Amino acid sequence: MIGFIITIIMAVVIGIIGDAIVRSNMPGGILGSMLAGFVGAWLGSLLLGSWGPEIGGFAVIPAIIGAALFVFLIGLASRAFHRTNV
């Protein structure tokens, strides 16, 4: 049970750090940050592999890079969507 809580906390922290790197505004607050953390961890490990420190099942450095990339892509999609609906 404690491992699950650590995983959730790490996903939120990684998502917040990724959002801060891109200087975007990830929609969804804490849940959006958690989603960015999980997707970022998956994307980062897919692109960069699993290296660096590992906490809560996340290779931290690739997860942060993946989360920043995910938040950046969400920001691009959001701006493109808003531009077409105006």
Side-chain angles (χ1 to χ4, degrees):
M1 182 66 170
I2 193 76
F4 178 72
I5 293 171
I6 291 172
T7 300
I8 296 294
I9 291 170
M10 281 305 299
V12 170
V13 169
I14 287 169
I16 290 171
I17 293 171
D19 188 33
I21 289 172
V22 177
R23 293 190 179 127
S24 181
N25 189 10
M26 181 69 184
I30 296 293
L31 291 177
S33 293
M34 185 171 59
L35 175 68
F38 280 122
V39 173
W42 173 77
L43 188 62
S45 68
L46 184 70
L47 296 174
L48 303 171
S50 293
W51 51 274
E54 188 172 314
I55 301 172
F58 295 106
V60 177
I61 296 169
I64 290 172
I65 294 169
L69 180 62
F70 179 69
V71 170
F72 176 74
L73 293 174
I74 291 293
L76 281 179
S78 175
R79 280 182 290 229
F81 181 73
H82 285 266
R83 211 174 290 151
T84 59
N85 285 337
V86 174

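Note that the structure is a prediction, hence the values are computed from the model and not measured. Values below: every heavy atom of this structure, side chains too, minus hydrogens, waters and symmetry copies. Start at 1 with the first residue, then count along the sequence.
Residues Val71 and Ile21 have side chains not in contact (no heavy-atom distance under 4.5 Å, counting atoms from C-beta outward). Ile61 has its side chain within reach of Pro53: a pair of non-hydrogen atoms, C-beta onward, lies under 4.5 Å apart.
Note on residues 34-65: pairs passing ring pair (Phe, Tyr, Trp, His ring centres under 6.0 Å), not counting sequence neighbours, are Phe38-Phe58.
Closest non-hydrogen pair, Ala67 versus Ala36, comes out as CB-O, 3.6 Å.
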Show me the donor-acceptor pairs within less than 3.5 Å that the side chains of residues 7-16 make with the rest of the protein, sequence neighbours left out.
residue : atom : partner : partner atom : Å
Thr7    : OG1  : Gly3    : O            : 2.9
Thr7    : OG1  : Gly56   : O            : 3.2

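Under the side chain to side chain contact (heavy atoms under 4.5 Å, CB included) criterion, Ser50 pairs with Ser45, Ala59, not counting sequence neighbours.
Rounded to the nearest 0.5 Å, atoms CD1 (Ile6) and CD1 (Ile55) are 9.5 Å apart. Rounding to the nearest 0.5 Å gives a distance of 10.0 Å between CG of Leu47 and CD1 of Ile65.
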